[in-house]
Novice: 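Have a look at the structure that comes next, please.
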Amino acid sequence: MAEIIWGLATSHVPSIGAAMDNEKTEDDLWKPLFDGYAPAREWMAEHTPDVAIVVYNDHANALDMSFIPTFAIGAAEEYDVADEGYGPRQVPQVVGDAELSEHLLVNLVDEGFDMTVFHEIDVDHGLTVPLSVYTPDPGDSWPCRVVPMLVNVLHYPQPTAKRCLQLGEALGRAIRSYPEDIKVAVFGTGGMSHQLSGERAGLINQEFDRNFLDKIETDPQSLAEISRAEYVEEAGAEGIEMIMWLIMRGALGEKVRRVHDTYHVPASNTAAAMALFATDAAE
Ligand code: DHB
Ligand code: FE
């Protein structure tokens, strides 16, 4: 049967990808952020999954704002890297796992989560930057297959944090019921506090972020009780992205071990963090 071995929460700020693509990771501006990633990267390199489920949001790159599914899954054999205006990032094509996607879809729909299906979607920085955070030098191919899971965090009304945690719990059950003996990692991407436009552009709330970073391990239920309005008020219009971490956390199950975390302000205009959690199946 399939096992979930780890979960990674990580910001997906595009300039983190650009810093890697343009070899700026040793510059004074970027070095502290990338030094913070190092212990987690080393651990993950020794615990390679067969598939990563990457929970992310498209930023009006592959999808325009005319059609915004609340929750969706990619069910393709492969995904092209999106052109976000400067040409696609020079990173490998993303190889999917259509059979696992199909299994997750059936199980999640049967549990009452009416997922939208993408048979084709280009993946933007929301997915490729987290893959680069995991594997900075992938060469010709990423180390594992990828199943994209998309969440609407852009357009009111975003799903509640509670619904995200519940979806994660159902996702965990769906993964563990997959009959193949594969190892799975789950990524929750986005955050932490940030607002990119308007009067509050540049908003950072370190107190809110630190509490979230702590409770995502020990008390995700308390984060699931926070309202949509409070996420936006406290963490910024784009800070609400961190509800996607709750899907990852729900999937891992109750018992997790924090392998490493790091918090850095700012990456671009954003409070950036990564936190890595292992399950008992990782040992
Ligand atoms: C930034 C952060 C994001 O999460 C994003 O999707 C786009 C930009 C930023 O801080 O620049
Ligand atoms: Fe984003």
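Indexing begins at 1, ligand by ligand and atom by atom, following the structure's order.
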Novice: So does His125 have any N/O/S atom less than 2.8 Å away from the Fe ion (ligand 2)?
Specialist: no
Novice: Do me a favour and list the nearest non-hydrogen protein atom to atom 9 (C) of ligand 1 with residue, atom name and distance?
Specialist: Ser268 OG, 3.2 Å
Novice: Closest N/O/S atom of His59 to the Fe ion (ligand 2), by atom name?
Specialist: NE2
Novice: Look at the rings of His47 and Trp43 and say which category their plane angle falls in: under 30° parallel, 30 to 60° tilted, over 60° perpendicular.
Specialist: parallel
Novice: Among protein heavy atoms, which lies nearest atom 10 (O) of ligand 1, and at what distance?
Specialist: Thr270 OG1, 2.3 Å
Novice: Counting non-hydrogen protein atoms only, what is the nearest one to atom 5 (C) of ligand 1? Give residue, atom name and distance.
Specialist: His125 NE2, 3.4 Å
Novice: Please state which protein non-hydrogen atom is closest to atom 3 (C) of ligand 1 and give its distance, to 0.1 Å?
Specialist: His194 NE2, 3.4 Å
Novice: Suppose I only count heavy atoms of Glu241 and a 4.0 Å limit; which atoms of ligand 1 are within that range?
Specialist: 4 (O), 6 (O)
Novice: How does Pro14 reach ligand 1, by side chain, by backbone, by both or by neither, if only non-hydrogen atoms under 4.0 Å count?
Specialist: side chain
Novice: Classify the contact between Glu238 and ligand 1 as side chain, backbone, both or neither, using a heavy-atom distance cut-off of under 4.0 Å.
Specialist: neither
Novice: Of all the atoms in ligand 1, which lie at a distance below 4.0 Å from a heavy atom belonging to Asn269?
Specialist: 10 (O)
Novice: Tell me whether the rings of Trp6 and Phe187 are parallel (<30°), tilted (30 to 60°) or perpendicular (>60°).
Specialist: tilted
Novice: Where the side chain of His155 meets the backbone of Val153, is there a donor-acceptor pair that is under 3.5 Å apart?
Specialist: no
Novice: For the Fe ion (ligand 2), does an N/O/S atom of Glu238 lie at less than 2.8 Å?
Specialist: no
Novice: Begin with the C-alpha distance, continue with both residues' side-chain angles, and end with the deciding distance and a verdict on side chain to side chain contact (heavy atoms under 4.5 Å, CB included) for Leu104 and Ile53.
Specialist: CA-CA 10 Å; Leu104 298 179; Ile53 317 281; 3.7 Å; yes
Novice: So, Asp27 side chain and Trp30 main chain: donor-acceptor pair closer than 3.5 Å or not?
Specialist: no
Novice: Once side-chain hydrogen bond (donor to acceptor under 3.5 Å, both in side chains) is applied, what residue pairs with a partner in residues 139-151 remain, sequence neighbours excluded?
Specialist: Asp97-Arg145
Novice: Any N/O/S atom, side chain or main chain, of His194 closer to the Fe ion (ligand 2) than 2.8 Å?
Specialist: no
Novice: Please examine the side chains of Leu127 and Tyr79, heavy atoms only from C-beta on, and report whether any two atoms are closer than 4.5 Å.
Specialist: no
Novice: Report yes or no: does Asp181 contribute a side-chain atom to a donor-acceptor pair with the main-chain N or O of Met1 at less than 3.5 Å?
Specialist: yes
Novice: Has the side chain of Asn152 got a donor or acceptor atom that lies under 3.5 Å from a matching backbone atom of Ile68?
Specialist: no
Novice: If I consider every N, O or S atom in Glu241, which one ends up closest to the Fe ion (ligand 2)? I only need its name.
Specialist: OE2
